[in-house]
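Note that this is a predicted model, so its numbers are computed, not measured. Both backbone and side-chain heavy atoms feed into the values below; hydrogens, waters and symmetry mates do not. Numbers restart at 1 for each chain; the letters A, B, ... are given by sequence-line order, proteins then strands.
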Number of protein chains: 2
Amino acid sequence: MERATEAWAIIHSLVVARRHRIPEVAAELGITPGDVFALLSLLAEEPKPMRDLAEAWRCDASNVTWQVDRLEERGFVERRSVEADRRVKQVALTPSGLEAQARVLAFMHVPPDELLNLGPELLDQLIGVLSRIDPGRQPDCRPT
Amino acid sequence: MERATEAWAIIHSLVVARRHRIPEVAAELGITPGDVFALLSLLAEEPKPMRDLAEAWRCDASNVTWQVDRLEERGFVERRSVEADRRVKQVALTPSGLEAQARVLAFMHVPPDELLNLGPELLDQLIGVLSRIDPGRQPDCRPT
DNA sequence: TATTGTTATACTCTATAACTATA
DNA sequence: TATAGTTATAGAGTATAACAATA
């Protein structure tokens, strides 16, 4: 197996084994898994037009309307009209949405025991390599 | 940020950025995303009772019936009655299911450019650390 | 009586198509 | 005419509850 594939297979399996945290954090915060996805994808980003969100989430535009409606009802986001093109509406996180997002991230970033068990030296080595990763473009997809 | 959390955050973001491969591989293989999840979760495992699958997938038992029905129609799995307890039915991958699973994994294990760009030396270091990870119990959850 | 799996049903989420308002 | 977003509607997926078979 090629080296990158080998590394990726291990990384992938780690995350696969933690997928169950999505419904858990959703239940904890009293929101739906879909809301969790959406909050994560708006992370640390500027307000985005609904059209861009549809592309990022790889879903139909009508679904963005529906999802943003739900987040807006919860007070997590707000729609902002754009003066340059009045057809466009941008979706921006509210302070409450930022807080909810932080809580989601706090959940998601709790590392699995497999990593904790590596011990400090190996973890330092791991971070040494991982920190060399060039994130490239921001993730343009719906997170898990 | 604690070391393990720091490492995990980077790992997590890598996988998040690739989530879109699930619908892609499903479309490529002519199956649904749910089928992809199911095939992945049956990976390299012994036949499992439906009840266990419900727990592993964290869904209702009726949904397991429905999902296994679909996989059985495609010829990917088969139900096997258990003599010791005739209420139980075990779900086993067929040869065709194993093949489909291999194709799914081939897709999922294509590494992201971020890893390829690390170069051979860093990748060797990365694998050196990752290979020290104790997988612990098999993932008992529905993969992504 | 309790448990495994199925069926019947309703609810949630997602997609397709038609509509509006801007461009 | 084309595009951003919405609404109406249908379809896919999931959960709840009642059921049959077995323990």
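Rounded to whole angstrom, the span from the CD atom of E55(B) across to the P atom of dT4(C) amounts to 10 Å. Atom CG in D52(A) sits roughly 8 Å away from atom P in dG5(D) (whole-Å rounding). We find that CZ of R51(B) is positioned 11 Å from C1' of dT6(C), with the value rounded to whole Å. When the C1' atom of dC11(C) is taken as reference, atom CG of D60(B) falls 13 Å away, rounded to whole Å. One can place CD of Q90(A) at 9 Å from P of dG5(D), the figure rounded to the nearest angstrom. In this entry the distance linking CG of L53(A) with P of dA4(D) reads 13 Å, nearest Å. dG13(D) atom C1' lies 14 Å from atom CG of D69(B), rounded to whole Å. Summarising the geometry, the separation between CZ on R87(B) and C1' on dA21(D) is reported as 9 Å, rounded to the nearest angstrom.
Looking at heavy atoms from C-beta onward, R79(A) lies in side-chain contact with V68(A) at the 4.5 angstrom threshold. Under the 4.5 Å side-chain criterion, counting only non-hydrogen atoms from C-beta, L42(A) is in contact with L53(A).
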Start with the C-alpha distance between Q90(A) and D52(A), add both sets of side-chain angles, then the distance that settles side-chain hydrogen bond (donor to acceptor under 3.5 Å, both in side chains), and finish with yes or no. CA-CA 9 Å; Q90(A) 285 187 326; D52(A) 290 8; over 6 Å; no
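For W66(B), whose side chain is taken as the heavy atoms from C-beta onward, the closest listed nucleotide among dG5(C), dA17(D), dG13(D) is dG13(D). Distances were taken from every side-chain heavy atom of S62(A) (C-beta onward) to each of dT6(C), dT7(C), dA8(D); the shortest belongs to dA8(D). Of the candidate nucleotides dG5(C), dC13(C), dG5(D), dG5(D) has the atom nearest to the side chain of V88(A). Closest to the T32(B) side chain, of the nucleotides dT14(C), dG5(D), dG13(D), is dG13(D).
When only modelled atom types and interatomic distance are considered, R70(A) and T32(A) share a side-chain donor-acceptor pair under 3.5 Å.
Mapped onto DNA chain C by nearest heavy atom, D85(A) and Q67(A) fall at different nucleotides, with Q67(A) at the one closer to the 5' end. Nucleotides of DNA chain C nearest to A61(A) and R86(A) differ in position, and the one nearer the 5' end is that of A61(A).
One finds a side-chain N or O of R79(A) lying less than 4.0 angstrom from the OP1 or OP2 phosphate oxygen of dT6(D).
Here the side chain of W8(B) pairs a donor or acceptor atom with the backbone of M108(A) at under 3.5 angstrom.
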